[in-house]
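Every number for a ligand or one of its atoms is a count from 1 in the order of the listing. Computed over heavy atoms, backbone and side chain alike; hydrogens, waters and symmetry mates excluded.
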Amino acid sequence: MRLPPLPTIREIIRLYGLRAEKQLSQNFILDLNLTDKIVRQAGNLQGASVCEVGPGPGGLTRSILKQGAADVLVVEKDDRFLPSLELLREASEEKLRIAHDDILRYNLETAFPKIPKSDWHGEPPNVHVIGNLPFNVSTPLIIKWLEAVANQSGPFIYGRSKMLLTFQKEVAERIVAGVDSPQRSRLSIMSQYLCEVKLCFVIPGKACVPPPDVDIGVVIFTPLIEPQIQVPFKMVEKVVRQVFHYRQKYCRRGIASLFPYGRSDLAEEMFELSDVHPTRRPTSLTMEDFAKLCYTYQNICKRIPGIFEYYYR
Ligand code: SAM
């Protein structure tokens, strides 16, 4: 789509007095070549329904519209951006819808009422989630959306919708880290058991205004047809969290912390039945190892009431 001539993002910021709020970790991307490059990672957006989270002054939003999206819903928490988004809405021939809300609370299940649910086993639907959010929002949000992938709820009610999101570079590297990588962490397992993940590229912090102290990783998530671990999300999360809580120790330590004092027999059962050696380091465990640990833990939880509710302090 060709947008009518609009003020540049820098002019928009000046015209509407949109000073970035440091407490809200606001950093804007003004270079529309860069926003085009980010949005291209989502693939062909012709006719797409897109939810953009945190549009701010609207740089990424322009690129999403230019790349042919038919219905773009932006969810922005800070009302100072609403007048400039309104200008873009008028220029977009009504393709843009604006929600003044917090994405952590916003219900995306009703966001695209005209989009039929697509078969989870088929190709991803033409529904995309795109966002350059503050880092303190993007990490809790991805955990929330990974749970939504597991439950096929939220933005995944339409099928295996892709998510294109930015993170602090180190977090992006953790998301995609493979076995034995020093960055391997809870986020690697939680992301990769549910999604194919790709770190598309890194944006130097200085490309933003004002520049954050860190660089930015652009990550695309495509939900898998079959999760690599077929155990409820909360259960996977608990096992993975405990194992990586003691990332410098043998995995024996984290697994033992899943069970109450005096039940070392259950930790031994975990190792025996899942065929994982207790002296393995958390970073060396493969997805298959985690899957076997989770299945064994699930069986123990089914057999012994109260085990899942037990939290080591
Ligand atoms: N997307 C713009 C860009 O790339 O230039 C702005 C990026 S700025 C890092 C993050 C934006 O997310 C800000 O506009 C901020 O107000 C918005 N935001 C922060 N937390 C949010 C939340 N919980 N829900 C919706 N928007 C949020």
Side-chain angles (χ1 to χ4, degrees), residues 6-42 50-67 69 72-89 92 96-108 111 128-145 148 154-155 163-169 171-172 200-220:
L6 286 165
T8 64
I9 299 293
R10 194 179 291 279
E11 284 163 348
I12 290 277
I13 290 173
R14 195 156 22 87
L15 276 171
Y16 292 93
L18 301 174
R19 202 170 32 84
E21 290 288 344
K22 223 179 161 75
Q23 312 94 294
L24 296 179
S25 312
Q26 289 176 343
N27 314 100
F28 307 134
I29 305 178
L30 308 189
D31 176 355
L32 295 182
N33 290 321
L34 181 54
T35 55
D36 282 350
K37 181 177 170 190
I38 296 171
V39 171
R40 273 199 302 273
Q41 308 304 314
V50 179
C51 172
E52 191 205 344
V53 291
L60 274 176
T61 324
R62 289 189 192 190
S63 297
I64 294 167
L65 287 165
K66 273 198 303 188
Q67 288 178 37
V72 182
L73 169 71
V74 291
V75 181
E76 173 56 63
K77 190 175 168 184
D78 185 341
D79 60 6
R80 294 176 311 137
F81 295 110
L82 301 182
S84 59
L85 290 169
E86 188 57 37
L87 183 75
L88 192 53
R89 189 184 68 77
S92 77
L96 187 66
R97 291 183 287 139
I98 304 167
H100 176 214
D101 216 322
D102 182 336
I103 192 62
L104 291 166
R105 292 182 327 190
Y106 194 78
N107 180 9
L108 282 175
H128 303 255
V129 176
I130 299 181
N132 175 28
L133 278 171
F135 303 135
N136 60 345
V137 179
S138 52
T139 307
L141 189 62
I142 193 60
I143 290 291
K144 180 179 148 101
W145 279 345
M163 297 182 280
L164 179 69
L165 300 170
T166 57
F167 298 87
Q168 180 177 339
K169 177 177 159 261
V171 175
C200 305
F201 59 92
V202 172
I203 304 171
K206 63 178 187 311
C208 300
V209 177
D213 299 333
V214 292
D215 293 339
I216 301 164
V218 179
V219 181
I220 186 150

**Asked** How far apart are the C-alpha atoms of Leu6 and Glu11, what are their side-chain angles, what is the distance that settles it, and do they pass the side chain to side chain contact (heavy atoms under 4.5 Å, CB included) test?
**Response** CA-CA 9 Å; Leu6 286 165; Glu11 284 163 348; over 6 Å; no
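Using a 4.0 Å cut-off to heavy atoms of Asp78, the atoms of ligand 1 that qualify are 16 (O). For ligand 1, the atoms closer than 4.0 angstrom to any heavy atom of Phe28 are 5 (O), 6 (C). For ligand 1 and Val75, the ligand atoms under 4.0 Å from any heavy atom of the residue are 25 (C), 26 (N). Applying the 4.0 Å criterion to heavy atoms of Asp101 picks out, from ligand 1, the atoms 24 (N), 25 (C). Under a 4.0 Å criterion applied to the non-hydrogen atoms of Lys77, ligand 1 contributes the atoms 21 (C), 22 (C), 23 (N), 24 (N), 25 (C), 26 (N), 27 (C).
Within the model, atoms CD1 of Ile29 and OG1 of Thr166 stand 7.0 Å from one another, a figure rounded to the nearest 0.5 Å. For the atom pair Glu52 CD and Ile64 CD1, the distance stands at 4.0 Å (nearest 0.5 Å). Atom CZ of residue Arg19 and atom CD1 of residue Ile13 lie 12.0 Å apart, to the nearest 0.5 angstrom. The CZ atom of Arg80 lies 6.0 Å from the CG atom of Leu18; values are rounded to the nearest 0.5 Å. The structure places CG of Leu30 at 10.5 Å from CG of Asn27, a figure rounded to the nearest 0.5 Å.
Residue Pro55 touches ligand 1 through its backbone alone, judged by heavy-atom distances below 4.0 Å. Neither the backbone nor the side chain of Tyr106 comes within contact range of ligand 1; no heavy atom lies under 4.0 Å. For Val137, every heavy-atom contact with ligand 1 shorter than 4.0 Å involves the side chain, none the backbone.
The closest side-chain heavy-atom distance from Pro155 to Trp145 is below 4.5 Å.
Within the set Asn132, Leu104, Ile9, the minimum heavy-atom distance to atom 4 (O) of ligand 1 is found for Asn132. Of the candidates Gly54, Pro134, Gly56, the one placing a heavy atom closest to atom 19 (C) of ligand 1 is Pro134. Heavy-atom proximity to atom 16 (O) of ligand 1, evaluated over His100, Glu21, Glu52, Glu76, is greatest for Glu76.
In this structure a side-chain-to-backbone donor-acceptor pair under 3.5 Å is missing from Arg62 to Leu88.
Protein heavy atom in closest approach to atom 23 (N) of ligand 1: Asp102 OD1, 2.8 Å. Of the protein's non-hydrogen atoms, the one nearest atom 9 (C) of ligand 1 is Asn27 O, 3.2 Å. Of the protein's non-hydrogen atoms, the one nearest atom 5 (O) of ligand 1 is Ile29 N, 2.9 Å.
Here the shortest heavy-atom pairing between Gln41 and Ile220 reads O-CD1, 3.4 Å.
Polar contact with ligand 1: present for Ile103 (N/O pair, distance under 3.5 Å). Ligand 1 has no N or O atom lying under 3.5 Å from any N or O atom of Leu133, backbone or side chain.
Just one residue in the list Ile216, Val219, Val218 forms a side chain to side chain contact (heavy atoms under 4.5 Å, CB included) with Phe201, and that residue is Val218.
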